[in-house]
Number of protein chains: 2
Amino acid sequence: MPYEINETHDPNLKSWVESANDPATDFPIQNLPFCEFDTLAEGEEELEGLPKDGGVGVLIGDHVLSLVSCEAEGLIEKELGRSDELGDIMDFASFSTSTPRILSRLRRVVSGILRKDGKRIARRPAAKSRILYRQSDVRFSEMIVCNYTDFYASIHHATTVGAMFRPDNPLLPNYKWVPIGYHGRASSIVPSGTTITRPRGQTKADDAAAPTFGPCKLLDYEMEVGFFVGRGNDIGAPINIEQAEDHIFGLCLVNDWSARDMQKWEYQPLGPFLAKNFATTVSPYVVTMEALAPFRCPAMKRPDGDPAPLPHLFSERDQKLGGIDITLEVFLTSKQMRDRNLSPIRLSKGSFKDMYWTIAQLLTHHASNGCNMQPGDLLASGTISGQSPDSRGCLLELTWDGPGKPRKPIELPTGEKRTFLEDGDEVIMKGYCEREGFRRIGFGECRGIIAPAPGSAR
Amino acid sequence: MPYEINETHDPNLKSWVESANDPATDFPIQNLPFCEFDTLAEGEEELEGLPKDGGVGVLIGDHVLSLVSCEAEGLIEKELGRSDELGDIMDFASFSTSTPRILSRLRRVVSGILRKDGKRIARRPAAKSRILYRQSDVRFSEMIVCNYTDFYASIHHATTVGAMFRPDNPLLPNYKWVPIGYHGRASSIVPSGTTITRPRGQTKADDAAAPTFGPCKLLDYEMEVGFFVGRGNDIGAPINIEQAEDHIFGLCLVNDWSARDMQKWEYQPLGPFLAKNFATTVSPYVVTMEALAPFRCPAMKRPDGDPAPLPHLFSERDQKLGGIDITLEVFLTSKQMRDRNLSPIRLSKGSFKDMYWTIAQLLTHHASNGCNMQPGDLLASGTISGQSPDSRGCLLELTWDGPGKPRKPIELPTGEKRTFLEDGDEVIMKGYCEREGFRRIGFGECRGIIAPAPGSAR
């Protein structure tokens, strides 16, 4: 069942954490995303091998609220009651199996702890310093990901990319029937801020007789949205589309770094492999489905003439409210720009609502053959591009100027030009939701700087 | 460094576990594969939620030797000395990170415990009953697999399958340069003996206007060999081919169940997905690289005119000894055959030595872009087929009769016919190594029975 808008979404709600009331923050009290964190306790940590605090946290303004400490202070259990439905707050994968009902109750409790006019915390002001950490003082982890699947759910992306390789027939016949996806590599998923080493790999020029092995020359990012599985399903037992969203814990931003020259040479016939699995960056915060309730919208209207989804992928409610209106922006700085203190330039602005398949359809499809989804699995949308050129979510599309034409570089404020990423470039992705009458909520950032390939003079 | 043949391979070595001396056993004292097991302690187990014994075991004849119990009896530590290089024997993934040096020493210790003329155990015959379990009394797990990659390393398989879809151009231009592979689904890897539910999925007949959703009609198996990663590598730090085998813990059998009709409709452009991820069966025993030392052979000789591997995938030593001569057999029974007590029929007999790429090349390629391999990762070869038709490792190839021709069914002793698998069919895979002057060692079995699709009258 989709979550409903309730008092936790009230735009007038303020927090005693003052930075949460800043109109520019991604994390007002109306958001409350979960994260997995540990504190940087100098000295002690190294000696004991254990963080002072950590586990599941909640982002609020510039701070993180520790659920473990809240529990220790008696702030959670009494409100929530004892419940086996609340997963382990020290273990993110287990925590994500909490039922939607209990997550919703927990959201009210956390909102109550953090609101300015909250009574229980007002009576114990000293507790505030024991449950809250500055974000700059903690480490975020990429959360547990055992299985990672990447889809191809933006029809605009699929059409543009298809046109590069098959000008007359850009979209393959299965596209409008099958939510196309493939398995990605879970081990190389890293949290925002991790340096990305330029991969080396095999590439072959069209006119060359043989491939060569060396640093990737056409390094790209892909702007995606990911969603985490909460409760899983048993092997052999598909998920019905009407229940699909109950299995989704929340959303994050994903940068599916891509080595385009390697991809072109390797991807036939089994799909992308080394062109993608060297690194995938995620924003290490899970914006819950309940926080997104005010920003739900109809699924993308299929153009006239397109087939309806097959019955197992179709639900009236999903068509009506299966979309999510998330604005997605990609920014770039080069090393020169940072050295000169120039602001990042925006490369694109798109929306997650422009997807051909809803997240419920993606999950239902994935489990439709009986494949067992597990808590903490990450499913990503694939590159999100809209119809307009400035909404394209990767350089492969952004600098394409039509079949047979040379690529059109993007000019940076330093006079540098980019068709693909250079060493020292930083890609910064942002996502946020805005709607009249509601407080803006954001996804934080998903960023990474490119380091030179190993053993390379580039 | 490859392991050398030593006294643990001596064919005259006998064990006090009598079943290990049976010439037909897969698990003589010269083999000693590792497994992850727990005991079925009736009553107690359910009450306490804990097995009586378990963790890493060693297969010997019809029995399993418990390393935990050996340690408790003081049989391991004293011999091995305290060593940080030995991973946790309660945790298979951690155990697999043990260094080759320490695994080799452990093999000598275990061989010493199990040999008939071993002195320490002879002095304490009572300990024998505390360290050994009948295989029929324990449960084997599929071992921890966090990341699963499937390759396409048999050129005979790639050529035959390619010919079905592209008669004039069966092998794609990248095949002889790039060890083609893709990520599989880790969650649905199951141990031998697990029932396999026929998947449902989208398929489209060539002459149909639209696809339909229903039970797979062309269900197939794929005979593969898998290898487990022991020690991993850091992200961004490739593995050199000269060191690659040091990162390999051992081998097992893999059945990569495949829904051919779903595969055909879904696989473009990102590769196989739901056609494969409903289940993958493994033999839950790891035959170590050291046990295989006597059966090493040159890498497959590339046909004249084929390119040499690029330098990062080439090593003289790997060319000389990178192959492994494992005979692979696939058997089938139908329900009717089992009801009438008929023996399984053999569908194929091939060899793992017929691979275009060695396991060292597969692992080196996988990490060549900096992708981090992790302990317990499973990498599988892809379907193993030889040049002769009776060595083909899947029904897609076995019942193919040439382009445009109808499939040629396999006749069972009951008069039943098979082009693909029917409900109730059981597929049984076996693997073993034989060489003059050495004791035969085997991989055990990898088996699974097909159950009807959910909600299906099939």
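A note on names: the letters A, B, ... follow the listed sequences, proteins ahead of strands, and every chain is numbered from 1.
In this structure, chain B has a heavy atom under 4.5 Å from the side chain of A:I235, while its backbone stays farther away. Looking at B:A210, both its backbone and its side chain come within 4.5 Å of chain A, counting heavy atoms on both sides. For A:M373, the parts lying under 4.5 angstrom from a heavy atom of chain B are both the backbone and the side chain. In this structure, chain A has a heavy atom under 4.5 Å from the side chain of B:V190, while its backbone stays farther away. Neither the backbone nor the side chain of A:P307 comes within contact range of chain B; no heavy atoms are under 4.5 Å apart. Looking at A:L270, both its backbone and its side chain come within 4.5 Å of chain B, counting heavy atoms on both sides. The part of A:L313 that comes within reach of chain B is its side chain, from C-beta onward, which places non-hydrogen atoms under 4.5 angstrom from that chain.
For the set B:P269, B:A186, B:P272, the count of heavy-atom pairs under 4.5 angstrom toward chain A peaks at B:P269. Highest contact tally toward chain B, considering only A:A275, A:G184, A:G201, is held by A:G184 [criterion: heavy-atom pairs under 4.5 Å]. Per-residue heavy-atom pair counts under 4.5 Å with chain A were compared for B:I180, B:V145, B:L274, and the maximum is reached by B:L274. Ranking A:P173, A:P311, A:P238 against chain B, the residue ahead of the rest is A:P173, based on heavy-atom pairs under 4.5 Å. Listed options B:P199, B:G181, B:G370, B:G162 were ranked by heavy-atom pairs under 4.5 angstrom with chain A; first place goes to B:G181.
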May I have a table of the donor-acceptor pairs connecting chain B and chain A at distances under 3.5 Å?
unit_1, atom_1, unit_2, atom_2, d
B:N147, OD1, A:A186, N, 3.4
B:N147, OD1, A:S187, N, 3.1
B:N174, ND2, A:W265, O, 3.0
B:N174, ND2, A:Q268, O, 2.9
B:W177, O, A:Q202, NE2, 2.8
B:H183, O, A:H183, ND1, 3.3
B:H183, ND1, A:H183, O, 3.3
B:H183, NE2, A:N277, ND2, 3.1
B:R185, NH2, A:N372, O, 2.9
B:R185, NH2, A:D377, OD2, 2.5
B:A186, N, A:N147, OD1, 3.4
B:S187, N, A:N147, OD1, 3.1
B:S187, O, A:N372, ND2, 3.0
B:S187, OG, A:N372, O, 2.7
B:S187, OG, A:N372, OD1, 3.0
B:Q202, NE2, A:W177, O, 2.8
B:W265, O, A:N174, ND2, 2.9
B:Q268, O, A:N174, ND2, 2.9
B:L274, O, A:N369, ND2, 2.7
B:N277, OD1, A:N369, ND2, 2.6
B:N277, ND2, A:H183, NE2, 3.1
B:N369, ND2, A:L274, O, 2.7
B:N369, ND2, A:N277, OD1, 2.6
B:N372, O, A:R185, NH2, 2.9
B:N372, O, A:S187, OG, 2.7
B:N372, OD1, A:S187, OG, 3.0
B:N372, ND2, A:S187, O, 3.0
B:D377, OD2, A:R185, NH2, 2.5

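Contact detail for A:G236 and B:P454: the closest heavy-atom pair is O-CG, 3.9 Å.
When the ring pair (Phe, Tyr, Trp, His ring centres under 6.0 Å) test is applied to A:F278, no partner is found at least two apart in sequence or on another chain.
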